[in-house]
Each structure stands twice: as C-alpha cells, then as structure tokens.
Student: 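Before I ask anything, let me first share the structure, which is written out below as structure tokens.
In this text, all values refer to a predicted model and were calculated from it rather than measured experimentally. Throughout, protein chains are lettered first and strands after them, A, B, ... in sequence-line order, and every chain is numbered starting at 1.
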Number of protein chains: 2
Amino acid sequence: MNWEVIVAKERVTVIDIARAAGVSKSTVSLVLQGSSLVNEATRAKVNAAIRELGYVYNRSAANLRQSKSKIIGIVVNDLTNSFFAELAVGVDAVVQSAGFVQFLANTSEKIERQREVIASMREHGVSGLIISPARGTEASDLAPLVESGIPVVLVVRDITGAGVSSLTSDNHAGAVAAVRHLIERGHRRIAFLGGFADTAVFKSRVRGHRDALLEAGLGPQNELVIGSAPSRAGGVTAIEQAMMLKERPTAALCFNDAVAFGVCDGLRARRLEPGADFAVIGFDDVIEAKTAVPALTTVSVDPQGMGEHAAELLLKQIKAGRAEPEAIVSSVRLVVRQSCGAAAERRMKEVSS
Amino acid sequence: MNWEVIVAKERVTVIDIARAAGVSKSTVSLVLQGSSLVNEATRAKVNAAIRELGYVYNRSAANLRQSKSKIIGIVVNDLTNSFFAELAVGVDAVVQSAGFVQFLANTSEKIERQREVIASMREHGVSGLIISPARGTEASDLAPLVESGIPVVLVVRDITGAGVSSLTSDNHAGAVAAVRHLIERGHRRIAFLGGFADTAVFKSRVRGHRDALLEAGLGPQNELVIGSAPSRAGGVTAIEQAMMLKERPTAALCFNDAVAFGVCDGLRARRLEPGADFAVIGFDDVIEAKTAVPALTTVSVDPQGMGEHAAELLLKQIKAGRAEPEAIVSSVRLVVRQSCGAAAERRMKEVSS
DNA sequence: CTTAGTAATTGGAACGTTCCAATTCCGTCA
DNA sequence: TGACGGAATTGGAACGTTCCAATTACTAAG
C-alpha cells in the first residue's frame with residue numbers, strides 16, 4: 001500500500017475539484033453552472049482548482065442527469081454544394097454563440113443514410129434538428145422523430161404533412177421576378193434549366209417560370225424546361241440540350257447558381273459569351289456569384305442568412321418547449337448583375353443564324 | 001392536485017424493454033451490443049420489444065459508464081471554401097461507416113473560436129479530433145489537448161512541435177511540377193498568385209515556385225509573388241496587380257483553385273482568355289475544376305480523398321490507443337487540362353503589345 | 001444418477017453530474 | 001441572550017447504461 005502509484009491519468013472529476021478546493025461537490029457544481037448562490041471567495045477557490053487540475057467538464061454525465069443536451073443536429077443533403085456549406089456556416093454561427101455545438105451530417109441525397117444519421121442524433125440526445133431533407137423524403141420518414149417531440153426545422157425543402165416548422169424561400173416569386181426581368185429586356189424564348197423534376201423546389205420555380213411567361217402572353221414553353229443534376233456539370237448538359245432545339249432560347253433561368261455556372265461554361269464551349277450573347281440568371285446567390293465573370297445575375301436566397309434564421313427559429317422552439325409549427329417563406333430578391341446583360345436583339349441574330 | 005395528468009412521455013429505458021420482454025436489463029444490454037452470448041429466441045423477443053416501445057438508445061448514459069464515445073470532431077478553418085467542405089465530406093463518409101458521428105465546427109480562421117470549439121468537443125468526450133488549424137495556430141494552443149491523450153490528426157496545415165500526426169500534401173513538389181510544366185511550354189515569366197504569406201502552405205508552394213525557376217536558370221522572380229486572400233475575389237485582385245507590372249507574367253501558378261478561378265475572371269475582365277492568352281494553374285483540384293471552362297489545370301490534392309485518409313488515420317489511432325505520431329505527406333499530381341494550354345509565343349505577343 | 005462443462009442469464013455496483021431538501025453559518029433585531 | 005432569517009453550503013439520491021462476478025439451465029459424458 002505504501003507504493004500505490006497513481007500513474008494512470010484518472011479522469012479528474014468534480015469530486016477531485018471539491019477536495020482540492022475544500023468544498024463539497026455540490027458547491028463545485030454550482031460554480032460550474034455560474035450560480036449566484038455561491039460566495040465570491042469560494043468561487044475563486046474553485047476556479048483556481050479547476051485550472052490547477054486541468055478539469056474538463058463531462059457533458060455526458062450532465063446530460064444523463066438533466067436529460068437535455070447542448071447539441072443541435074444539422075443534416076444536409078449535399079455539403080459539396082456550396083449553398084449548403086454556407087447554410088451550415090450560418091447555422092453554426094448562431095448555434096455556437098448560443099452555447100450549443102452542432103452535429104453535422106451529410107446524406108448525399110440518400111434516404112437510408114438520412115434515416116441513420118437522424119437516429120444517431122436522437123441517440124446522442126440532440127435538443128433540436130435542422131434538416132434539409134434528401135430527395136424523396138416523405139412525411140412518414142420524419143414521423144417517429146416529430147412524435148418524440150424534438151423540435152425540428154426543415155430548411156430549403158418543405159415536406160407537406162410533416163407537421164414541423166419549415167423555412168423555405170419564395171421560389172415562385174423569385175422565378176417570376178427573374179423571368180419578368182428577362183421579358184422586359186426583350187427576350188421571348190426563355191429556358192428553365194437544371195434541377196431534378198421531382199423536387200418541390202423545382203416545381204415551384206418552374207411554376208414561376210411558366211406563370212411569368214403566361215402573364216406576358218408568351219405561352220407555357222414547356223419544351224424549354226430541361227432538367228438535369230443541380231450541379232455545374234448538370235448545367236453544361238442542360239444548355240447543350242437546349243441549344244439542340246429547333247427554336248433555341250435566348251435566355252435561361254437556372255435552377256441554381258451551380259447550374260448557372262455550368263450553363264456559362266457550356267455557352268463558352270460553343271463560343272457564346274454569357275451575358276453578351278445569351279442571358280443567364282441563377283438562383284441562390286452563393287458567394288462566388290458576385291465575383292464570377294461575368295458576375296452572375298441571380299435570385300438571392302442568402303444561404304448563410306437562411307441558416308442563421310433557421311437556427312434562431314430552432315433555438316426559439318427549444319427554449320419554448322413544444323411550439324406551434326410555423327411555415328416561414330422568406331422573401332427573395334433579384335440581384336441584377338452582368339450575366340443577363342445581353343441586349344435581346346443581339347441574341348436574336350445569333351439564334352437565327 | 002386531483003388533476004395530475006401524466007401526459008409527459010416518459011423516456012423508455014432498457015429496464016422497460018427488459019420488463020416487456022421478460023428478461024433482465026443486462027440481457028437487453030447484451031442484445032444492444034450485439035453480443036453472441038444471447039440466445040437467438042431471446043434476442044428476437046427483445047428486439048420486438050424495442051420496436052414495440054419505440055426505444056431510443058441513450059448514448060450519454062453509455063458514454064458515462066464506459067468513458068468513451070462514438071464521436072469524432074472535425075474543425076475546419078473555412079467551410080465556405082469548397083476545398084474544406086469536400087474534406088469534411090470525405091471525413092464524414094468513412095467516419096459514419098465506422099459507426100461514428102462527426103461534430104463539425106467552423107472556426108472562420110479565428111483562434112479564439114477554435115479554442116472554444118476544441119474545448120467544447122473535449123467536454124463532449126470526442127474520441128478523436130481532425131483539425132485543419134486556423135491561421136496562426138501554435139503548438140502551445142494544442143498542448144492541453146494533446147496532453148490529454150486524445151488522438152489528433154492535423155490536416156492541410158502542419159504545426160511544428162505539436163507532437164501529433166499530420167496529413168499534408170506535398171506542396172513543394174506540386175508547385176515544382178506545375179512551374180516546370182509552364183517552363184516546358186515556353187513561359188519565362190511565371191507569377192505565383194494568391195494566399196496569405198504567413199502560412200506554411202503558402203511558404204512551401206512559393207518555395208517550389210522559386211526552386212523550379214532557379215533550376216531553369218530563370219532567377220527567383222520574387223516580384224511576381226503576389227499574395228491575397230485565398231478566395232475567388234482575392235484572385236481577381238492578385239491578377240490585376242500582376243498585370244500592372246512593367247514586365248508582365250505570361251502564366252501563373254495560383255495558391256488554390258478558388259484563386260485560380262478568380263484569376264480567370266480577372267483575365268476575362270481585361271479581355272484576355274485564360275488558357276488561350278494566359279496560362280493558369282490552380283492547386284487542390286476541387287470538383288468544379290474539371291467542369292469549368294476552360295477546364296482548370298491544377299495540382300490535384302483530392303480533398304475528399306484527403307478527408308478519408310485523415311479519418312482512417314484517426315480511427316487507426318483510436319483503435320490502437322496511443323500511437324506514435326506520424327507525419328504523412330501525401331503525394332500530389334499535376335492534372336493538365338485546358339487553362340494552361342496557351343502556346344507561350346501567343347502570349348508573348350499579347351504581353352509585348 | 002451424478003458430474004463437469006458450456007451456454008445463457010442475472011443482480012448490483014459504478015460512471016460523473018445535477019437536484020432536492022436539509023443544514024450550517026452569521027449578522028440583526030427584540 | 002435567544003430567536004429569526006437570509007446566504008451559503010452540503011449529503012444523498014437519481015439519471016440510464018455497462019461491467020463483473022455469480023447464478024441458473026442445459027447437455028453430454030461417466
């Protein structure tokens with residue numbers, strides 16, 4: 001017993017601190033929580049001991065006791081898309097300054113993986129979840145989650161009947177504004193390029209496209225709606241397809257900025273200069289949109305701001321306990337830059353040649 | 001008091017399952033862990049009860065008992081940069097399939113925030129950490145972390161003296177290869193554009209640039225090394241600055257792909273076509289590099305692969321307990337696409353005009 | 001029919017915190 | 001001097017799991 005060597009770095013606990021500071025573990029706990037009940041002098045003593053011994057708080061133990069954590073989960077469908085990366089950054093910012101930490105998971109649009117990560121997050125006791133659902137997610141997929149009473153905020157894509165709050169952008173209005181702008185500039189054949197046709201976001205943007213066209217008496221132009229993967233590569237193929245048409249478009253509203261960049265690429269590959277020879281409008285307003293050449297005209301959705309907003313909404317619900325679900329659709333505005341700058345007549349020539 | 005309503009859904013625990021299945025809690029625990037000790041029939045009974053009652057595993061409790069978690073943390077300095085987003089995706093992929101879940105935090109290059117998130121992750125008991133350190137991080141910032149014995153893998157940026165494993169790319173060799181390629185194509189004045197001069201990554205890439213130049217007897221060309229923010233916008237300003245020089249470059253190696261895209265933008269703004277009139281080489285090989293127009297010649301670092309590699313390294317260390325730190329520098333290769341395709345003579349004309 | 005050996009199951013302690021009710025301390029007032 | 005009251009502190013139970021040693025059930029061998 002005389003040579004009992006304590007070499008293994010035992011975890012230092014609140015009890016060790018208590019012993020070192022000459023108080024009880026309860027007092028230490030109080031200090032840890034910043035309670036006003038504890039005397040200034042003891043608080044100092046305790047804090048000193050904490051620094052001294054290199055104590056690190058054990059949240060697992062705390063969570064267990066009070067059955068609530070300081071974790072929020074965020075699951076996105078495609079982190080590779082900078083729209084979602086920025087969204088995550090926005091969430092992270094507000095969530096961190098509220099003292100929470102974020103679990104981030106990427107589903108790559110796979111429902112199965114989404115199921116797994118949501119389950120895993122529940123096991124970790126997240127106090128709330130921000131979800132940008134994978135393609136094809138149904139209300140029933142979310143049912144067990146919402147029944148458990150965990151606050152959930154859906155972003156970007158709403159799911160009807162899920163019974164949770166959602167934060168989407170006004171896709172219809174954005175598309176209408178963009179197409180109207182193109183019409184004002186004299187365009188008559190305006191394509192809608194990119195995106196998966198089975199998503200709600202796609203549908204409402206296409207609806208906006210069609211409504212603006214009809215409003216101007218230009219007919220629905222369904223043949224100019226060309227889906228593709230919502231990526232840069234998808235944009236290239238979409239514009240190629242569009243240019244094979246007998247009656248080519250002179251302008252395009254794109255499903256998102258990634259597609260729009262792809263469309264610009266595809267245009268250049270055909271020796272057409274975006275902006276000068278063909279008008280391109282994107283959707284989202286990712287950071288690169290501003291600095292690209294030509295600067296991208298786009299419907300600004302402000303992904304980072306959206307992330308912040310979603311996080312605030314979630315935190316509000318967490319604080320309030322169970323809150324009535326609300327569906328917020330945040331307004332959107334057309335940011336006119338250079339990529340839609342072409343005078344329509346010039347393109348007319350190009351097209352008729 | 002007579003109306004005491006028990007509406008709050010009590011958490012269902014392993015004990016409830018045990019009761020429902022007519023076994024002991026220990027057996028349920030065994031089932032949960034997939035132990036081979038338990039009889040097939042009981043296992044089925046237990047699993048049925050689990051589904052029946054909608055049980056969700058409480059990892060906080062488990063962590064508390066076995067003092068190890070299935071969480072790994074990843075902290076990146078700029079999630080907005082798609083290089084890091086892809087890195088995170090790579091990490092996520094392998095970490096998830098190993099049954100772990102990832103905490104992701106974004107430091108936005110702020111040391112203070114980095115300190116906070118690392119502390120927070122420790123409190124949550126992460127079993128390992130992958131860190132792409134914020135600019136200016138020093139070994140002493142990491143000291144308490146590494147002393148605690150938590151496996152750490154540094155990615156992208158190494159920190160000398162930190163005493164942990166690191167995974168960086170061979171920046172020097174990559175830069176040498178890129179510049180040699182440009183020299184072979186006949187270029188004589190080759191700029192290095194973008195990046196913060198105080199980072200190790202910048203320094204080794206610039207060193208590669210200079211060494212290749214010296215090797216070919218072209219002198220150090222220090223005046224052609226122009227720093228900037230490592231972003232698209234930074235690339236625009238860097239190329240602008242470069243083109244103000246009396247003796248303009250005819251080609252540039254860029255700090256990263258984002259800068260390279262910005263350089264292309266800046267070139268176009270001056271009515272110069274990247275690839276045709278000026279050779280541009282990037283660094284990193286982000287996904288957009290392939291589909292951009294012109295497709296970007298770049299030093300391929302494969303961020304996603306790097307993330308996967310880092311995750312594997314970390315998992316290995318976690319499994320092995322305390323392992324000897326190893327410094328891996330992964331090799332890198334020049335992917336020649338179109339943006340460096342200009343014949344040098346053509347550009348010579350341009351420059352002398 | 002016993003015994004040994006393996007397979008399956010089990011109760012209780014432990015993990016590190018928080019919460020509650022109880023206690024101590026100390027100055028003030030009658 | 002004693003009673004009072006607020007401020008500060010405290011011991012023990014509880015949270016939901018895992019681990020350990022111990023027990024029971026079953027099978028095959030003697």
Student: Without swapping roles, check the side chain of R135(B) against the backbone of E109(B) for a donor-acceptor pair under 3.5 Å.
Tutor: no
Student: Short question: side chain of S69(A), backbone of N63(A) - any donor-acceptor pair under 3.5 Å?
Tutor: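 No: the side chain of S69(A) does not pair with the backbone of N63(A).
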Student: Salt bridge or not between E123(A) and K70(B)? Use side-chain N to carboxylate O under 4.0 Å.
Tutor: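 Looking at K70(B) together with E123(A), the answer is no, because their closest N to O distance does not fall below 4.0 Å.
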Student: Between S67(B) and T27(B), who's closer to the 5' end of DNA chain C by nearest nucleotide?
Tutor: T27(B)
Student: Have S24(A) and T27(A) got a donor and an acceptor in their side chains that come within less than 3.5 Å?
Tutor: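 Distance-only check passes for S24(A) and T27(A).
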Student: Does OP1 or OP2 of dT9(D) have a side-chain N or O of S24(A) closer than 4.0 Å?
Tutor: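 Answer no for this pair, as no side-chain N or O of S24(A) is under 4.0 Å from OP1 or OP2.
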Student: Quickly work out the L37(A) CG to dT23(C) C1' distance and round it to whole Å.
Tutor: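 That distance rounds to 15 Å.
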Student: Just by protein heavy atoms under 4.0 Å, how would nucleotides 18-27 of chain D read 5' to 3' in B, S and -?
Tutor: BB--------
Student: Looking at side-chain heavy atoms only, is the closest gap between R113(A) and S108(A) below 4.5 Å?
Tutor: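 No - every pair of side-chain heavy atoms lies 4.5 Å or more apart.
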Student: Calculate the interatomic distance between K45(B) atom NZ and dA8(C) atom P; express it in whole Å.
Tutor: 13 Å
Student: Nearest whole Å is fine: how far is dT10(D) C1' from N39(A) CG?
Tutor: 15 Å
Student: Are R122(B) and E147(B) close enough for a salt bridge, meaning some N to O gap below 4.0 Å?
Tutor: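 Salt bridge flag = no for E147(B) with R122(B).
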Student: Using every non-hydrogen atom in the two residues, find where M306(B) and V156(B) come nearest and quote the distance to one decimal.
Tutor: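 Looks like CE-N, 3.8 Å.
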Student: Grab the CZ-C1' distance between R19(A) and dT9(D) for me, whole Å please.
Tutor: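 To the nearest whole Å, that distance equals 18 Å.
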Student: What is the bend of the helix from dC1(C)-dG30(D) to dA30(C)-dT1(D) when you compare the axis at one end with the axis at the other, using five pairs each and rounding to 10°?
Tutor: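 For the helix from dC1(C)-dG30(D) to dA30(C)-dT1(D), the axes at either end differ by 60°.
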Student: In whole angstrom, what separates I17(A)'s CD1 from dG16(C)'s P?
Tutor: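 It works out to 13 Å between those atoms.
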Student: Mark yes or no for whether S97(A), through its side chain, and V94(A), through its backbone, hold a donor-acceptor pair below 3.5 Å.
Tutor: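 Between the backbone of V94(A) and the side chain of S97(A) there is a qualifying donor-acceptor contact (under 3.5 Å).
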Student: Sorted by first residue and then second, give each salt bridge (Lys or Arg N to Asp or Glu O under 4.0 Å) pair with at least one member in residues 31-43 of chain A; sequence neighbours left out.
Tutor: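 Listed once each, the pairs are E40(A)-R43(A).
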Student: How is S60(B) classified with respect to the nucleic acid when contacts are heavy atoms under 4.0 Å: base, sugar-phosphate, or nothing?
Tutor: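 Nothing, no nucleic acid heavy atom in range.
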Student: Starting at CG of N58(A) and ending at P of dC15(D), how long is that distance when rounded to a whole Å?
Tutor: 18 Å
Student: Starting at CD of E40(A) and ending at C1' of dA8(D), how long is that distance when rounded to a whole Å?
Tutor: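 Computing the E40(A):CD to dA8(D):C1' distance gives 13 Å.
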Student: Measure from CZ on R11(B) to P on dG16(D) and round the result to the nearest Å.
Tutor: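 Going from R11(B) (CZ) to dG16(D) (P), I get 7 Å.
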